[in-house]
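Below, chain A is the first sequence line, B the second, and so on; all start at residue 1.
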Protein chains: 2
Amino acid sequence: MRPNSAEALPTSAPRSTRQKRAVAQLLGELDVFRSAQDLYAELRRRGERVGLTTVYNQLRTMSESGEVDVIRTEDGESLYRLCGSGHHHHVVCRSCGLTIEVEGPELESLAARLASKYHFSEVTHTFEIAGLCSTCACV
Amino acid sequence: MRPNSAEALPTSAPRSTRQKRAVAQLLGELDVFRSAQDLYAELRRRGERVGLTTVYNQLRTMSESGEVDVIRTEDGESLYRLCGSGHHHHVVCRSCGLTIEVEGPELESLAARLASKYHFSEVTHTFEIAGLCSTCACV
DNA sequence: ATTCTTGCAAACTATTTGCAGAACA
DNA sequence: TGTTCTGCAAATAGTTTGCAAGAAT
């Protein structure tokens, strides 16, 4: 919102570090939603020297800049995934995390219609579909 | 799922207690989503002698039986509200919690269409609209 | 009398924060 | 060199659990 919020004002550009690159690259390889803890574990498994705090920092930064999408599981865990730009929704496999980005014009208009019907302003909406993908359903 | 799961198998009917009644009654008076902590505080304010654990227990029981709806805020808090029966979605005021239950046939068919398009089975979907109600927007 | 319920205290879990030392530009 | 970044350890916060005492049937 404000160009210079009181919080963190960085006086210069973000720096490129080994850790940031590792997180970004891992996200680039995956097309599924994963938790911060999962991503951290995977990085360690690969021998990357990264701290959990840094993974969280990086994911927050990337989600704020719109580079990654965040969804929350039923038990409150946050899952992250590199995302395409623009407004979209997801069809997510509960079992393997496989995710398909979808758009729904009729959904958007429905949301807008309901908002105006009840005189709500500054509306946002969430729409997520969870199920079993064809691969996981066979097991 | 299973008639007798290994977990808690109750051998007789649930009992009516002062605490359960207090929680149920409070929910009956409110038409907004409230956190467990909020509900607990309100009960104490009214002089009810109830423990926080009991409020949580009761809310969990009631949500499992479908008596109350649960939504999660952005920061992971659970909000509860007595709900009408049947499948529905919500238009929720971010500021005061005012909630309107809505149905959306086109939404249901869209969800079904997307599921079959990508060969997903056992699908569920979520759809929530959050905004400012007309009252809160004037402030 | 028996079983369910309560609620304090402690445990849990995902996430955030303080901060001193390390790493970039 | 002067920030930014890192990551350990500790703090947070909502929620759950262990369990002994209390209440309902």
Side-chain angles (χ1 to χ4, degrees), chain A residues 4-26 33-44 46-65 68-81 97, chain B residues 4-26 33-44 46-65 68-81 97:
Chain A
N4 272 326
S5 72
E7 295 124 29
L9 69 163
T11 60
S12 67
R15 291 176 181 174
S16 169
T17 67
R18 170 174 51 76
Q19 292 90 333
K20 286 182 183 178
R21 271 175 260 125
V23 172
Q25 194 200 314
L26 177 56
F33 275 97
R34 282 288 165 74
S35 71
Q37 311 262 358
D38 270 1
L39 295 167
Y40 168 71
E42 176 61 27
L43 287 168
R44 298 304 289 249
R46 297 184 178 192
E48 296 284 350
R49 292 176 294 107
V50 192
L52 180 57
T53 304
T54 301
V55 173
Y56 273 110
N57 281 337
Q58 200 51 21
L59 290 172
R60 182 156 39 76
T61 301
M62 295 179 81
S63 70
E64 282 169 359
S65 74
V68 310
D69 276 335
V70 188
I71 59 178
R72 309 199 55 129
T73 63
E74 242 171 88
D75 50 301
E77 205 177 17
S78 291
L79 304 181
Y80 305 83
R81 178 176 179 271
Chain B
N4 274 326
S5 73
E7 296 126 27
L9 69 163
T11 60
S12 65
R15 292 175 181 175
S16 169
T17 67
R18 170 174 51 77
Q19 292 89 335
K20 287 182 183 176
R21 271 175 261 125
V23 172
Q25 194 201 313
L26 176 55
F33 274 97
R34 283 288 165 75
S35 71
Q37 313 260 359
D38 270 1
L39 295 167
Y40 168 71
E42 177 61 27
L43 287 169
R44 298 304 289 250
R46 297 183 178 194
E48 296 284 350
R49 292 175 293 106
V50 191
L52 179 56
T53 305
T54 301
V55 173
Y56 273 110
N57 281 337
Q58 199 51 21
L59 290 172
R60 182 155 39 75
T61 302
M62 295 179 80
S63 71
E64 282 169 359
S65 74
V68 311
D69 277 334
V70 188
I71 60 177
R72 307 198 57 127
T73 63
E74 242 172 88
D75 50 302
E77 205 177 18
S78 291
L79 304 182
Y80 305 84
R81 178 175 179 271

Please table the atom pairs, donor to acceptor, closer than 3.5 Å between any side-chain atom in residues 74-81 of chain A and protein atoms at least two apart or in another chain.
residue, atom, partner, partner atom, Å
A/Asp75, OD1, A/Thr73, OG1, 3.2
A/Arg81, NE, A/Asp31, O, 2.9
A/Arg81, NH1, A/Glu101, OE2, 3.2

Atom pair distance, as rounded to whole Å: [atom1] in [X] and [atom2] in [N]:
| X | N | atom1 | atom2 | answer |
| --- | --- | --- | --- | --- |
| A/Arg72 | D/dT15 | CZ | P | 11 Å |
| A/Glu74 | C/dT13 | CD | C1' | 17 Å |
| A/Arg34 | C/dA14 | CZ | P | 16 Å |
| A/Arg44 | D/dT6 | CZ | C1' | 12 Å |
| A/Asp38 | C/dT13 | CG | C1' | 14 Å |
| A/Asp75 | D/dA13 | CG | C1' | 16 Å |
| A/Glu77 | D/dG14 | CD | P | 18 Å |
| B/Met62 | C/dT5 | CE | P | 14 Å |

Return all side-chain donor-acceptor pairs below 3.5 angstrom for residues 33-41 of chain A, not counting sequence neighbours, or 'none' if the list is empty.
residue, atom, partner, partner atom, Å
A/Ser35, OG, A/Asp38, N, 3.0
A/Gln37, NE2, A/Tyr56, OH, 3.2
A/Tyr40, OH, A/Arg44, NH1, 2.9

**Request:** Please identify each residue that fulfils side chain to side chain contact (heavy atoms under 4.5 Å, CB included) with A/Glu42, with sequence neighbours left out.
**Result:**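 Only A/Leu26, A/Arg45, A/Arg46 meet the side chain to side chain contact (heavy atoms under 4.5 Å, CB included) criterion with A/Glu42.
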**Item:** Listed partners of A/Arg49 passing side chain to side chain contact (heavy atoms under 4.5 Å, CB included), at least two apart
**Value:**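 Checked A/Arg49 against side chain to side chain contact (heavy atoms under 4.5 Å, CB included); matches are A/Arg18.
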**Message:** Under 4.0 Å, heavy atom to any atom of DNA chain D: which of residues 47-60 of chain A qualify?
**Reply:**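 The answer is A/Arg49, A/Val50, A/Gly51, A/Thr53, A/Thr54.
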**Prompt:** Heavy-atom contacts under 4.0 Å between residues 14-24 of chain B and DNA chain D, which residues?
**Reply:**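 Only B/Arg15, B/Ser16 qualify.
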**Message:** Give me the atom names and distance for the closest heavy-atom approach of B/Leu43 to B/Ala22.
**Reply:**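 Smallest heavy-atom distance, with atoms named: CD2-O, 3.8 Å.
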**Request:** Answer whether the closest heavy-atom distance between the side chains of B/Gln58 and B/Val55 falls below 4.5 Å.
**Result:**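 Sidechains of B/Val55 and B/Gln58: no contact.
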**Message:** Could you check whether any side-chain heavy atom of A/Asn57 comes within less than 4.5 Å of a side-chain heavy atom of A/Arg60, counting everything from C-beta outward?
**Reply:**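 Side-chain contact under 4.5 Å: yes.
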**Asked** Can you tell me if the side-chain N/O atoms of B/Ser78 get under 4.0 Å from OP1 or OP2 in D/dT15?
**Response**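 Yes, because at least one side-chain N or O of B/Ser78 sits under 4.0 Å from OP1 or OP2 of D/dT15.
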**Asked** If you look at every strand shown and take non-hydrogen atoms under 4.0 Å, does B/Ser35 touch a base, only sugar-phosphate, or nothing?
**Response**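 Answer is nothing: B/Ser35 stays at 4.0 Å or more from every strand.
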